[in-house]
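In this chain, residues are counted from 1 in sequence order. Just so you know, these numbers use all the heavy atoms, side chains as well, and skip hydrogens, waters and symmetry mates.
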Amino acid sequence: LYYALKNSSLTTMQRNQILAKYIEKERLEREHRRWIRVATHALIAAVNFYSASQETSSDAKTVFYFLGGINTAIAISLSF
């Protein structure tokens with residue numbers, strides 16, 4: 001993009017407008033990807049907590065709760 005704009009016949013103002021739109025589009029895409037990761041980890045955490053609540057083995061229950069807690073922590077950390 002840089003080289004295409006550098007060698008174009010556009011004015012500096014036009015180049016800056018194009019770059020500003022490109023940067024904004026990239027920022028929005030990064031934000032969307034981040035919220036998809038938050039939702040993914042939150043859903044995985046919910047499934048792990050549900051699995052723990054249905055499990056009869058205490059060892060497996062502990063593992064599911066641990067995994068649920070880890071995914072919850074990841075989802076929370078990604079949301080900030």
Distance from [X] atom [atom1] to [Y] atom [atom2], nearest 0.5 Å?
X: Ser9; Y: Gln14; atom1: OG; atom2: CD; value: 8.0 Å
X: Leu19; Y: Leu5; atom1: CG; atom2: CG; value: 5.0 Å
X: Thr62; Y: Phe64; atom1: OG1; atom2: CZ; value: 11.0 Å
X: Ile23; Y: Lys21; atom1: CD1; atom2: NZ; value: 13.0 Å

Under 3.5 Å, side-chain donor or acceptor atoms of residues 35-47 against the rest of the protein: list the pairs with distances, not counting sequence neighbours.
| from | atom 1 | to | atom 2 | distance (Å) |
| --- | --- | --- | --- | --- |
| Trp35 | NE1 | Glu31 | OE2 | 2.8 |
| Thr40 | OG1 | Ile36 | O | 2.8 |
| His41 | ND1 | Asn71 | OD1 | 2.9 |

If hydrophobic clusters are built from ILVMFWY residues whose side chains come within less than 4.5 Å, do Ile70 and Val63 share one?
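Yes: a chain of side-chain contacts under 4.5 Å links Ile70 to Val63.
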Side-chain donor/acceptor pairs under 3.5 Å, residues 72-79, sequence neighbours excluded:
| from | atom 1 | to | atom 2 | distance (Å) |
| --- | --- | --- | --- | --- |
| Thr72 | OG1 | Gly68 | O | 2.8 |
| Ser77 | OG | Ala73 | O | 3.3 |
| Ser77 | OG | Ile74 | O | 2.9 |
| Ser79 | OG | Ile76 | O | 2.7 |

Considering non-hydrogen atoms only, spot the tightest contact between Glu55 and Lys61 and give its length.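 Glu55 and Lys61 have their closest heavy atoms at O-CE, 3.1 Å.
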Exercise. How close do Phe80 and Arg34 get, heavy atom to heavy atom, and via which atoms?
Worked result: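 Scanning both residues completely, I find the closest heavy atoms to be N-NH1, 3.8 Å.
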Item to check | For Gln17, side-chain contact (heavy atoms from CB on, under 4.5 Å) partners two or more places apart | outcome: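 Testing Gln17 for side-chain contact (heavy atoms from CB on, under 4.5 Å), a comparison that skips the adjacent residues, returns Met13.
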Next on the checklist: Quick check against the 3.5 Å criterion: does Arg15 have a side-chain atom that pairs as donor or acceptor with the backbone of Ser8?
Outcome noted: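 Looks like yes, one N/O pair under 3.5 Å.
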